[in-house]
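Below: the structure, in structure tokens.
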Amino acid sequence: MDIKKIEKKWQDYWRSHHTFEAHIDPNKEKYYYLVEFPYPSGAGLHVGHVRSYTALDALARKKRMMGYNVLFPIGWDAFGAPTEQYAIKNHIHPKVATKKNIETFKSQIEKLGISFDWSREFSTTDPEYYKWTQWQFLQFFKHGMAYKARKNINWCPKCKTGLSNEDSSGGVCERCGTQVVQKEKEQWMLRMSDYAEQLLDGLDDTKFQEKIKTAQINWIGKSKGAEVDFVLKGTDEKLTVYTTRPDTLYGVTFMVIAPEHPYIDLYSGLIHNMNEIIDYREQTNKKTEFERTQLVKDKTGVKIDGLVAIHPLTGKEIPIYISDYVMMSYGTGAIMAVPAHDQRDFDFAKKYGIDIIQVLEEETGEPHENEKKKNSIVAILWDEEKDQYLTLNWKELGGRLFIGGTIQEGEDALTCAIREIKEETGYTDISLVQTGFKINHHYYAYNKDQYFNVEATPFLFRLNSSKQEESALEEDEKFELEWVDKETINREVVDMLHQKSFQYVTTGGAMCGEGIHIHSEMLDALYKQEAIDKIIAYLEEKQIGRQKTNYKLQDWIFTRQRFWGEPIPLIYCEECGWVPVPEEDLPVVLPDVAEYEPTDDGESPLARIPEFVNTTCPKCGRPARRETDTMPNWAGSSWYWLRYMDPHNDKEFVSKYALKYWGKVDWYNGGMEHATRHLLYARFWNQFLYNIGLVPNKEPFETRAAHGMILGEGGVKMSKSLGNVINPDDIVDVYGADSLRTYEMFIGDYEKEAVWSEQGLNGCRRYLEKVIRLGNKVVKGDTYSKNTEKDIHRTIKKVTDDMDNSKFNTALSALMILLNKMEKEEHITKADYRTYLQLLNPIAPHITEELNEQYQLGNPICESSWPTYDEAMLEDSEKEIAVQVNGKVRATIMVNMDDDEKTIEEKAKTAENVVRHLQGKEIVKVIVIKGKIVNIVVK
RNA sequence: GCCCGAGUGGUGGAAUGGUAGACGCGAUGGACUCAAAAUCCAUUGGUAGCAAUACCGUGUCGGUUCAAGUCCGACCUCGGGCACCA
């Protein structure tokens with residue numbers, strides 16, 4: 001058999017018979033499968049594409065055979081930087097490069113036999129498509145959802161272009177390695193942050209995988225908290241901060257504002273060290289967004305000399321700093337700093353010597369009635385040289401602990417700690433290293449038969465010399481002094497108070513956990529949520545604060561200073577301002593020019609083309625200028641699934657009729673890398689269209705699944721530089737498309753990454769060859785063979801269920817098992833073979849069609865119905881089950897399905913090896929699970 | 001740091017709480033062949049044993065259960081996403 005000819009033959013058949021073209025048919029139930037449309041790069045198709053396309057192809061083929069009207073389209077997401085760069089370098093028009101790349105991709109995909117409906121194919125770069133992208137942008141504009149704003153962008157001075165954050169990671173341009181700078185530009189923005197709550201809510205209407213939902217939720221970044229107003233001393237102005245922990249308000253010891261905060265200029269008259277501040281601001285400006293968002297321990301900042309805030313509750317003066325760890329873009333661009341309970345504030349306070357006030361105490365142990373309150377210490381002695389800590393080993397009396405003790409009348413905590421160390425260990429030559437945060441501990445003392453609630457202060461002391469005096473132990477103090485290392489402590493010190501104490505004094509960070517409030521007047525003794533509620537109520541009553549929800553999600557910067565994108569259809573008129581291009585003049589077409597290289601000043605290349613720029617105002621007819629920026633890559637992919645429903649419509653972006661029939665995408669497959677931004681943009685776009693009544697569903701996608709990556713041999717990413725990229729064409733040439741498809745479906749869990757293996761691929765080819773050879777056994781017969789009848793029914797069920805759950809690997813495994821069984825038979829009937837081929841067809845469509853034809857088994861499989869199974873055929877009348885004695889398998893027995901438990905138990909007890917294990921033992925219990933297992937418990 | 005995943009033979013990977021390792025790859029032995037390839041048959045988690053069989057075994061430690069790869073708790077390692085987000 002010539003595989004290549006067969007594959008070509010069936011691909012031609014499907015094309016000429018329009019087998020996979022979908023047509024609206026109200027009498028048939030629809031199903032919409034969508035794969036992320038590819039970016040047709042010069043590199044060609046990747047084996048990763050093959051994996052997801054084959055998976056959805058298999059599902060689509062099966063669904064069609066099950067009688068659904070399946071929409072399974074494909075197109076091209078072709079605008080964007082890579083093609084533009086390629087075009088500039090090779091001096092060809094991006095339009096030409098795109099066309100060439102699409103041709104390559106298309107022929108590669110066709111060779112795989114994917115059942116796409118090619119009649120619906122389009123590219124985002126087609127004027128007939130981007131006309132409607134522009135039209136929809138105008139809907140945003142007309143509904144006040146688009147606005148212009150000045151924004152800092154990443155700018156590469158060498159490439160003369162704006163870069164996305166992704167393209168400028170590490171602070172350098174991804175392509176040329178030049179240091180990226182910040183440049184302020186006017187940009188069109190879409191009000192996506194207005195949709196934060198709706199985008200969050202909408203997730204409930206989807207069946208996305210949990211990890212995809214989480215990614216969306218994280219990106220939206222909702223946080224509940226409060227705004228608090230701090231009066232600036234000597235002014236009428238307030239400095240408002242946002243915090244998620246208003247309950248820690250009493251712990252505020254300083255405030256920080258972002259270097260860009262407008263108050264700095266507003267109050268420059270009051271500030272004495274303006275020069276220093278301007279210097280710092282300039283340093284910050286040099287940093288890229290990337291550098292600023294790196295988590296660094298070493299905080300920098302400048303104290304504002306002359307500007308002081310007043311604590312709204314205590315009336316104390318609070319110093320204000322500027323620092324780049326506070327972002328202008330989040331919250332109010334100003335924070336109240338609580339160094340005791342926030343790591344960043346803690347780091348900053350340590351560096352600049354600012355007070356740290358503890359207002360939360362971690363609680364350990366279980367509270368109990370009639371507790372006696374007292375204050376105590378935990379003292380940890382450290383031998384720096386050996387890096388060991390002194391513990392008291394109380395053995396069975398209390399395990400391994402540090403030195404502990406109760407603070408006496410008139411004594412402070414530190415004195416107490418030094419005294420206790422001396423009394424219990426005799427060491428006196430010590431110095432204090434660290435005082436930890438206080439801990440609120442509940443415990444029961446057996447020797448005193450009393451519950452205690454202590455407020456304990458942990459200390460860390462360094463041992464300077466082993467000078468030791470006589471210790472002063474009391475009667476009941478029986479322990480061994482032992483110096484041990486960190487590991488032993490982590491393992492053996494189990495008392496929560498002592499464990500936490502050790503953590504506090506050795507790691508030395510802020511106390512960020514939950515706890516009960518102290519030093520907080522009205523909040524004292526309250527837990528987190530009660531305290532938050534109480535303080536917010538108070539702040540609101542006094543009108544010095546209010547509850548507030550914040551989102552990380554920001555408005556969408558919708559412009560790029562590039563050539564190869566959709567022109568923004570707006571015209572600027574001196575008289576009328578920004579005016580939309582009239583609908584009948586759409587699309588605003590990209591000019592066919594030779595000059596599309598970037599300009600020096602950051603303007604779009606379109607700005608240099610007078611014929612494009614100069615126009616007249618659609619409103620007043622005076623001379624006017626076109627917007628020269630283009631849309632981002634994300635634009636065209638934000639609505640493409642809608643266009644697939646009605647791709648040739650030149651009156652509307654999609655007809656109501658098509659929308660009503662095809663509805664939502666039922667199953668959307670894509671890479672995990674698009675689970676945040678693309679998916680969010682697409683949902684936002686759709687929700688907007690829904691809100692203005694243009695689409696019938698609020699959420700565009702019912703299910704979103706993500707496939708795992710295919711890695712090169714050795715488990716590394718395939719890349720040009722490693723030279724381990726597998727070209728699907730080469731594989732198809734040598735092994736055939738069906739082998740490649742089968743292998744990629746068999747390689748492992750569809751959602752997990754998988755490692756490419758040529759040997760594994762070869763195994764799948766061998767399997768398909770066996771399927772071909774199985775044909776030699778075919779004899780007449782339109783019913784299943786008696787010997788394999790049950791296996792066939794079971795396999796139908798298994799393959800059907802597994803494919804429904806995207807478990808292609810186990811579906812194939814079941815088919816292999818059935819093949820092995822059939823191979824042992826002398827003959828199989830046409831019916832056997834036909835069903836077998838039908839089950840395999842979604843994964844290996846060419847070879848199965850050919851065999852079906854060759855052995856004259858029936859109409860083409862693509863026009864046949866999916867096999868069904870008979871429930872009654874799934875179970876055997878007899879089954880082998882295991883017999884365990886005390887949970888260990890000792891024998892297997894044959895049972896009939898209609899055996900009652902008594903019979904099974906008897907069979908089990910008399911099984912040869914079981915008898916031996918029962919000898920001399922008393923049977924305590926016998927568990928019989930019908931059809932599964934028997935477990936005999938003996939003593 | 002936070003949020004997801006995942007740790008099972010030589011290897012890719014299977015196992016609604018019920019015989020761990022299905023299926024594939026590789027390996028070993030054999031058949032066919034002058035020979036090789038292809039194909040077919042057999043074996044293939046480890047240790048002991050001629051064998052029957054026994055013991056051990058799903059990252060580590062503990063727990064629940066008649067029964068744990070699977071459930072619960074603590075930890076370790078790897079992968080991914082997010083991140084001075086107040």
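Throughout, a chain's letter reflects where its sequence line sits, starting with A, and its residues are numbered from 1.
Distance CZ (Arg766(A)) to P (A37(B)): 13 Å, rounded to an integer number of Å. Rounded to an integer number of Å, the gap from Phe348(A) CZ to C84(B) P is 17 Å. What separates CD1 of Ile212(A) from P of G5(B) is a distance of 12 Å, to the nearest Å. In this entry the distance linking CZ of Arg890(A) with P of U53(B) reads 11 Å, nearest Å. At whole-Å resolution of the value, CG in Asp749(A) and C1' in C23(B) are 15 Å apart.
Within 6.0 Å of the NZ atom in Lys921(A), the count of heavy atoms belonging to other residues, nucleotides or ligands does not exceed 12. By the 6.0 Å contact criterion, NZ on Lys207(A) is open, its count of non-hydrogen atoms from other residues, nucleotides or ligands being 12 or less. Within a 6.0 Å radius of NZ in Lys350(A), no more than 12 heavy atoms belonging to other residues, nucleotides or ligands are found.
Taking syn as a glycosidic angle within 90° of 0, G13(B) does not qualify and is anti.
Within 4.0 Å of Ile929(A), counting heavy atoms only, lies at least one base atom of the nucleic acid. Nucleic acid contact class of Ile927(A) (heavy atoms, under 4.0 Å, all strands): base. Nucleic acid contact for His341(A): none, since no nucleic acid atom lies under 4.0 Å from a heavy atom of the residue. At the heavy-atom level, Thr892(A) lies under 4.0 Å from base atoms of the strands shown. Using a 4.0 Å heavy-atom distance criterion, Asn820(A) is classed as a sugar-phosphate-only contact. Looking at heavy-atom distances under 4.0 Å, Gln759(A) makes contact with sugar-phosphate atoms alone, never a base. Nucleic acid contact class of Asn550(A) (heavy atoms, under 4.0 Å, all strands): none. Contacts of Lys930(A) with the nucleic acid, taken as non-hydrogen atoms under 4.0 Å apart, are absent. Among the heavy atoms of the strands, none lies under 4.0 Å from Lys222(A).
Aromatic pair Tyr735(A)/Tyr743(A): centroids not less than 6.0 angstrom apart. With ring centers used as reference points, Phe808(A) lies 6.0 Å or more from Phe746(A).
Pairing for C34(B) is absent, with no Watson-Crick or G-U wobble pair whose two atom distances lie under 3.5 Å. In this entry A14(B) has no Watson-Crick or G-U wobble partner, no candidate having both defining distances under 3.5 Å.
Of the C1' atoms belonging to C75(B) and C82(B), the separation is 24 Å, rounded to the nearest Å.
You'll find that the side chain of Phe746(A) is closest to G12(B), out of G12(B), C66(B), A86(B). Of the candidates C56(B), U19(B), G79(B), G79(B) carries the atom nearest the Glu753(A) side chain, counting heavy atoms from C-beta on. For Asn809(A), counting side-chain heavy atoms from C-beta on, the closest listed nucleotide (G13(B), C40(B), U53(B)) is G13(B).
The base of C66(B) lies close enough to the side chain of Asn935(A) for a donor and an acceptor atom to sit less than 3.5 Å apart. Counting distance only, with no hydrogens placed and no angle test, the side-chain atoms of Lys299(A) and the base atoms of C84(B) include a donor-acceptor pair under 3.5 Å.
Between Val938(A) and Lys925(A) the shortest side-chain heavy-atom distance does not fall below 4.5 Å.
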